[in-house]
Structure formats: structure tokens, C-alpha cells
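Because the structure is predicted, anything quoted here is derived from the model rather than measured.
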Amino acid sequence: MEETALLSFEEIKMLYPNEWVLIAEPEFVNTEIQGGIVLLHGKDRREIAYSGRDLVKNYESYTLRFTGDFPKNRRIWL
């Protein structure tokens, strides 16, 4: 995927619903993400994390976020 422009997290959620998104240069207010540059997206967290290793080298900061809602009883291992 080619680098895109800076997007708000609301735009990211609309473009990539219920997916894991690797975001470069994330902007935060307190601990809540506001936006950034989408590098990769997909359904498999491990695949996105693995595939994005080389892409994040060009950026000062990055984060991996899920754009959907987790079920209340689901455990997530990070």
C-alpha cells in the first residue's frame, strides 16, 4: 500500500472498518488517537505487524490499532 495523506481516526475507521491498521506519525490527545498516516491495514493483526516492520523504519513513531469494537468477554493478547 502506498503512503496516503494524514487522516483523522474517524476517517480511518470509515475507510477500514473492523480491521487492524498500522498508523505512522500518530497524533494523540492524552491517550486517545486522533489520526495519522495509514501504512497497512487488514484483518490479521500478526500479518500487519510482521509486514509493516520495514515500513515503520522511515518514521519516528507508529501504532497498531483496531478500528472496530471488541466483544466484552474477548481477551486480546498484545
For this session: State, to 0.1 Å, how close I33 and P26 come at their nearest heavy-atom pair, and which atoms those are.
Result: CD1-CB, 4.0 Å
For this session: Measure the CZ-CH2 distance between R65 and W20 for me, rounded to the nearest 0.5 Å.
Result: 9.5 Å
Exercise. Are F66 and N18 close enough that some pair of their side-chain heavy atoms sits under 4.5 Å apart?
Worked result: yes
Exercise. Any donor and acceptor pair, going by atom type alone, linking the side chain of T63 with main-chain N or O of I23 inside 3.5 Å?
Worked result: no
For this session: Spell out, as yes or no, whether a donor-acceptor pair under 3.5 Å connects the side chain of E25 to the backbone of E60.
Result: yes
Exercise. Just how far is it from atom OG1 of T67 to atom OH of Y16, taken to the nearest 0.5 Å?
Worked result: 10.5 Å
For this session: Return the set of residues passing salt bridge (Lys or Arg N to Asp or Glu O under 4.0 Å) with E27 (not counting sequence neighbours), or none when no residue passes.
Result: none
For this session: Flag yes if Y50 and Y62 sit in one hydrophobic cluster, no otherwise; membership is Ile, Leu, Val, Met, Phe, Trp, Tyr, and two members link when side-chain heavy atoms are under 4.5 Å apart.
Result: no
Exercise. Do the side chains of V38 and L15 join up, straight or via other hydrophobic residues, at under 4.5 Å, putting them in one cluster?
Worked result: yes
Problem set entry | Joint hydrophobic cluster, M14 plus L22, side-chain heavy atoms closer than 4.5 Å | no
Problem set entry | Gap separating the CD atom of Q34 from the CD atom of E10, nearest 0.5 angstrom | 9.0 Å
Problem set entry | Nearest-0.5 Å distance that lies between atom CD in E19 and atom CG in L40 | 11.0 Å
Seminar exercise, completed: Hits for salt bridge (Lys or Arg N to Asp or Glu O under 4.0 Å) against K57, two or more places apart or cross-chain, chain-then-number order -> D54
Exercise. Of all residues at least two apart in sequence or in a different chain, which pass the side-chain hydrogen bond (donor to acceptor under 3.5 Å, both in side chains) check with E11?
Worked result: S8
Exercise. In the single-linkage hydrophobic clustering (I, L, V, M, F, W, Y; side-chain heavy atoms under 4.5 Å), do F9 and F28 co-cluster?
Worked result: yes
Exercise. If we only count heavy atoms from C-beta on, is the Y59 to L39 side-chain gap below 4.5 Å?
Worked result: yes
